[in-house]
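The block underneath contains the structure these notes are about, expressed in structure tokens.
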Amino acid sequence: MKKTIKDIEWQGKKALVRCDFNVPMEGNEITDDTRIRAALPTINYLIENGAKVILMSHLGRPKGEANQKYSLGPVAIRLHELLNRPIEFSPWDKVVDENVKAIVHKLNPGDVLLLENVRFRPEEEKNDVDFSKELASLGDIFVQEAFGTAHRAHSSTAGVADYLPAVSGFLIEKEVKFLDSAVNNPERPFVAIMGGAKVGDKIKVIENLIEKVDSLIIGGGMAFTFFKAKDLNIGKSILDEESIGIAEDLLKKAREKGIKLYLPVDVVVAEEFNNDSPSKIVNIEEIPEDMMGLDIGPETIDRYSEVIKEAKTVVWNGPMGVFEMPNFAKGTLGIAQAVADSNAITIVGGGDSAAAVEQMGLADKMSHISTGGGASLEYLEGRVLPGIDVIDNI
């Protein structure tokens with residue numbers, strides 16, 4: 001069991017908190033502050049318990065160079081609005097320098113400081129020892145709260161823990177609790193729903209989950225690679241050609257293990273990859289040569305929904321169709337509704353599946369929506385995440 005912020009007496013101590021404030025932006029405007037809000041319970045707890053709070057994060061991909069397009073200044077403004085208290089922001093490109101150290105020295109219990117984008121320093125992504133030491137010099141305790149980057153061994157996510165005691169924040173604690181219980185001790189029946197375009201992107205997750213689930217539902221573009229593995233015609237649909245053999249192996253393994261592997265029975269096909277392209281619903285054995293599958297069909301939605309209804313644990317990662325096009329989003333939205341209506345423990349991965357849940361106003365009906373797409377996938381693969389591994393054990 002990992003230590004959490006509740007295991008520390010914070011009064012007067014400097015909490016160096018790695019958050020995930022990598023939020024979508026349009027100009028200087030934050031278009032979705034979900035990740036900022038996710039860190040608020042931990043930040044508020046530290047404030048209330050008399051810590052001096054020093055927040056750090058990355059934003060975008062500035063490639064190790066200072067670039068004001070990726071400044072965390074707008075995040076500081078949003079934090080001020082959400083916390084309703086002053087937020088000190090250090091705009092210095094070096095992230096840690098004498099100016100920053102002077103601000104830290106003057107912090108009082110309950111004060112909050114946000115550092116500039118840690119990826120303005122090229123050393124960050126190299127997990128450079130010296131930069132890790134510079135960051136560690138600002139705090140007394142390292143708080144890991146960035147699940148979205150916990151699969152990266154960077155200075156601010158892992159390196160600092162070589163020089164400071166490390167504990168988890170509430171978000172990390174929740175992520176690990178739900179994902180770990182799903183992978184290692186799920187209530188059954190356990191149903192995994194995997195979507196997205198390519199089998200290759202999810203192969204390790206599927207291989208790991210097929211050893212644990214009772215049913216595996218496949219949707220999205222990757223379904224056509226499975227159809228190809230079954231010698232079905234897929235027209236102009238997306239094909240992960242390199243993974244046809246892998247799909248064959250997975251179908252065989254599912255049969256051998258008695259795992260129910262569900263593939264679409266009908267799909268929405270269109271002439272072009274375009275929202276306004278003429279479309280129709282066809283049986284999966286009747287995909288025209290000159291058309292492509294862009295969503296699961298209504299019969300498949302109903303079939304999948306029945307499987308989900310009987311589940312006690314559901315893990316969902318990846319859309320059922322081209323979710324960004326409204327005419328081909330019905331499958332993803334239908335599965336979102338089915339998961340929301342389920343009485344199961346429901347865990348939704350990041351990305352489009354989380355976006356569908358948010359779009360339909362169903363977020364509060366899910367047991368857990370992961371804040372880290374890549375990190376949650378690697379956790380479901382059974383891999384050790386560096387940013388989690390560095391947290392001290394009780």
Side-chain angles (χ1 to χ4, degrees), residues 19-26 30-41 57 59-60 78 145-151 169-183 191-198 201-202 205-206 209 217-222 295-296 301 304-305 308 311 313-326 328-342 344-381 385:
C19 299
D20 182 8
F21 294 150
N22 185 30
V23 291
M25 306 275 294
E26 287 184 8
I30 296 169
T31 56
D32 182 353
D33 65 1
T34 302
R35 288 182 172 179
I36 300 174
R37 289 178 181 273
L40 295 183
S57 177
L59 175 63
R78 191 72 187 111
E145 190 66 336
F147 187 73
T149 55
H151 58 314
F170 293 134
L171 177 62
I172 287 282
E173 182 184 24
K174 186 182 179 189
E175 293 272 11
V176 171
K177 172 190 168 186
F178 276 100
L179 291 170
D180 192 67
S181 64
V183 171
V191 176
I193 309 164
M194 289 287 126
K198 298 180 71 176
D201 292 343
K202 304 279 173 74
V205 179
I206 296 172
L209 289 179
I217 290 173
I218 301 292
M222 72 166 70
D295 198 8
I296 58 174
I301 295 172
Y304 286 3
S305 296
I308 293 165
T313 302
V314 176
V315 171
W316 177 25
N317 188 289
M320 297 291 102
V322 187
F323 176 67
E324 61 269 27
M325 297 183 189
F328 306 109
K330 289 180 182 176
T332 302
L333 297 175
I335 295 306
Q337 188 66 60
V339 175
D341 291 342
S342 159
I345 296 167
T346 51
I347 301 163
V348 181
D352 286 336
S353 31
V357 168
E358 295 284 353
Q359 180 177 311
M360 294 183 70
L362 300 173
D364 60 346
K365 293 191 175 183
M366 304 298 171
S367 305
H368 181 59
I369 300 175
S370 180
T371 56
S376 62
L377 279 177
E378 290 198 15
Y379 204 101
L380 292 172
E381 286 174 21
L385 307 189

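Side-chain atoms are counted along with the backbone in the values below, which use heavy atoms only and exclude waters and symmetry mates.
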#### Entry: Partners meeting side chain to side chain donor-acceptor pair (under 3.5 Å) with Thr34 (sequence neighbours left out)
Asp32

### Qualifying residues under side chain to side chain donor-acceptor pair (under 3.5 Å), relative to His151, sequence neighbours excluded
none

What are the two closest non-hydrogen atoms of [X] and [Y], and how far apart are they?
X: Thr313; Y: Ala182; result: CG2-CB, 4.4 Å
X: Ala311; Y: Val191; result: CB-CG2, 3.6 Å
X: Ala354; Y: Ile369; result: CB-CG2, 3.8 Å
X: Ala336; Y: Ala356; result: CB-CB, 4.4 Å
X: Leu171; Y: Glu145; result: N-OE2, 2.9 Å
X: Ala39; Y: Cys19; result: CB-SG, 4.2 Å

Quick one, [X] and [Y] - any side-chain contact, counting heavy atoms below 4.5 Å?
X: Arg78; Y: Val23; answer: no
X: Trp316; Y: Ile308; answer: no
X: Ile335; Y: Ile217; answer: no
X: Thr149; Y: Asn22; answer: no
X: Phe323; Y: Gln359; answer: yes
X: Ile206; Y: Met222; answer: yes
X: Met320; Y: Ile193; answer: yes

Judged by atom type as modelled, is there a donor-acceptor pair below 3.5 Å linking the side chain of [X] to the main-chain atoms of [Y]?
X: Ser305; Y: Ala338; value: no
X: Lys365; Y: Asp341; value: no
X: Asp295; Y: Lys330; value: yes

Output the distance between atom [atom1] ([X]) and atom [atom2] ([Y]), rounded to the nearest 0.5 Å.
X: Gln337; Y: Met360; atom1: CD; atom2: CE; answer: 4.5 Å
X: Arg35; Y: Leu40; atom1: CZ; atom2: CG; answer: 14.5 Å
X: Asn317; Y: Ser370; atom1: CG; atom2: OG; answer: 8.5 Å

### Message
Tell me which one of Val339, Ile345, Thr346 satisfies side chain to side chain contact (heavy atoms under 4.5 Å, CB included) with Ser342.
### Response
Thr346

### Task
Could you tell me how the ring of Phe147 sits relative to the ring of Tyr379: parallel (under 30°), tilted (30 to 60°) or perpendicular (over 60°)?
tilted

## Note on the structure
Taken in chain and number order and not counting sequence neighbours, the residues that satisfy salt bridge (charged side-chain N to carboxylate O under 4.0 Å, His left out) with Glu173 are none

